[in-house]
Structures are given as C-alpha cells and as structure tokens.
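All ligand and atom numbering here is 1-based and tracks the order in the structure. Computed from heavy atoms alone, side chains included, the values below leave out hydrogens, waters and symmetry copies. Index from 1, following the sequence. Treat the numbers as computed from the prediction; the structure is a model and nothing was measured.
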Amino acid sequence: MKHIEKLFVVGAGQMGGGIAQVAAQGGLEVTLNDISQAYAEKGLGVIRKNLERNVSKGRMTEADMNHVLDRITLSTDIADAADCDMAVEAATENMAIKLEVFRKLDATMPEGAILASNTSSLPITEIAAVTKRPEHVIGMHFMNPVPVMKLVEIIRGLATSDEVYKTVYSLAVRMDKTAVEVNDYPGFVSNRVLMPMINEAIYCVYEGVASPEAVDEVMKLGMNHPMGPLTLADFIGLDTCLAIMEVLYEGFGDSKYRPCPLLRKYVKAGWLGKKTGRGFYVYE
Ligand code: NAD
C-alpha cells in the first residue's frame, strides 16, 4: 500500500477547500490549486474561518490551527503536482473540464501517483480512460460540508486496482472519515437513492399533492430526516439536482429517473435554491 504524504487538490471551491482542510488536519502536506490566485486565496480564506471557529469553540488550539494552515500551499499551475503522491480533483462538475485536468495531472504526476475525482455524478471509468494509468484512478466522493460530514463514498472504476482502493481507504480514515466502497454506476449509491427521492418530492408539489412546507414536514417528522427533501434540494442547488437526475436518466435509460418538469422550470428561471436567494423557499 502506498503512503500518501503530499496531496494536490484541484479546485478551491466549497468542496476542494474542505478536502484541503481535512487533509491538512490529518497531517498531510497539501497544495490547493485553482485557476486564479484570487480563487485559491478565497478557498484558503474559508478554511481559515472554519479553523478560527473551531478555536473559538475550544475544539482546537491556536497553535494547532497555525500548523494546519502552514501545511497548505496555494497553486495556480498543475505543474506543481509534479512531486505529489496523489491528486483529488474537485473542479467544476463538467466532463470537459475534468478530462482536461486529468490529462494534465497524468502527464505531470510521477508514476504510481493516484488520481482521484470528487465528482458527484460523472463516470470514473470514463475519466480514467483519458489517462495512461486507469488502475490508479478512483472516485473519492466527499459530502458537503466536508469538515462536518463523515462519509466518503469511494468509487472503484472498472480498472481501479485493489492496492489503490486500499490506499485511498486508509487516506480517508486519516482524514477522519468513514469510507464506503461503491462500484462505478450512475449516481453511485448516494445520489442514486437521494435524488429520485428529491425528484419525487418535487413531483408532489408539481401535481398539487402538497405544498413544499407540507412535503418537508412529512419527511422530517414522519421519517426522522434532519431536513425535508425540498430544503435539502435548495441547499444542494436545483441546477445540481437537475444535472444529477439527467445523469441517472441518461445512464440507465429508465423513465423512472425523468426529471420533474417543475425542477426544469425553476432551473430555467434561475431559481437555483439558497445560492440565488430563491428555490422552493425564499432566502434573505
Ligand atoms: P465550486 O464551484 O464551489 O468549486 C469549483 C472550483 O473549481 C472553483 O473554484 C473553480 O474556479 C475551480 N476550477 C474550475 N476549473 C478548474 C480547473 N481547470 N483547474 C482548477 N480549478 C478549477 O464547486 P463545488 O461545489 O466545490 O464542486 C466541486 C466538485 O465537487 C464537483 O465535481 C461537484 O460535483 C463535487 N461535489 C459537490 C458537492 C456539493 O454539495 N457542492 C458534494 C459532493 C461533490
């Protein structure tokens, strides 16, 4: 099993920043990469804020916070991955972007280095196929917010080797996560189960079965979910929910995954949920 010491994280957004934070907290040397210095710094700013909150709540000392921050270096050049043991890609959910990133990482990184993607829905096997090391490519699907959520779904592509799987499993443990092994099929397990439930909740509103508040109340009080599916959809982003439903619909060719027309309408209107101030609910 390979020992991972130097981790390269591509994308300093919501997910990449969180991954860099938990990796540095696990003692790894982290390089956090984005397309511009401003984006990379923004990512680091969010990490600093998270850590400061931990210090103010007495969960971490200031010295520990500084050690974590010292382990994170910023980058705007994929060439900086040349001496890293592994990369986790958390760039925008777009296949063309991911394929380009993986081609560059493959050309830059040493033989034996592992290339992981945090994609929520794109096929790992297809990403692996553009590299010369498909056995070293794997999915490492963290949940949002990364520092809080325990789960990492580890997705084995068609060619992923057992050794790479074991290395990534132990890395997840080092990041204080619980890893679950899943094979590469549309939506993996998390989104294959979650998104059709959210889509069905949207159908309930679309067909006039109940209001968004009523749907959420039923699922919270009746099923003991911490938040209702429509609140969760607004939090995830309705554009993301639609994109994942499209992946399921296309990937399985089964009409049970058809996205609800109301979901499409909201996305077309720019009602994307919390991030745009309006989705199934209105946000100040
Ligand atoms: P985000 O928009 O917050 O961040 C994406 C970042 O990637 C941006 O800072 C962008 O500038 C950067 N980027 C784009 N192209 C790049 C490139 N070529 N090189 C380097 N950086 C680049 O998005 P996010 O929510 O952090 O999502 C990132 C990935 O994580 C996606 O694949 C998404 O599906 C997945 N994911 C998201 C969630 C979630 O709830 N947001 C959960 C699990 C997985």
Requested in this report: May I ask you to test the Asp239-Lys275 pair for a side-chain heavy-atom distance under 4.5 Å?
Outcome: yes
Report summary line: Those residues at least two apart in sequence (or on a different chain) that pass side chain to side chain donor-acceptor pair (under 3.5 Å) with Gln25 are Gln21
Query raised in the report: What does the list of residues with a heavy atom under 4.0 Å from ligand 1 look like, ordered by chain and number?
Result: Val10, Gly11, Gly13, Gln14, Met15, Asn33, Asp34, Ile35, Tyr39, Ala90, Ala91, Thr92, Glu93, Ile97, Lys98, Val101, Asn118, Thr119, Ser120, His141, Phe142, Asn144
Report task. Check whether any side-chain heavy atom of Arg103 lies under 4.5 Å from a side-chain heavy atom of Thr131, and answer yes or no. Result -> no
Query raised in the report: Do you see a donor-acceptor pair shorter than 3.5 Å between the side chains of Ser117 and Glu89?
Result: yes
Report task. Report yes if the distance between the aromatic ring centroids of Phe252 and Tyr185 is under 6.0 Å, otherwise no. Result -> no
**Report entry** Whether Tyr169 and Tyr165 hold their rings parallel, tilted or perpendicular, with breakpoints at 30° and 60°
**Finding:** tilted
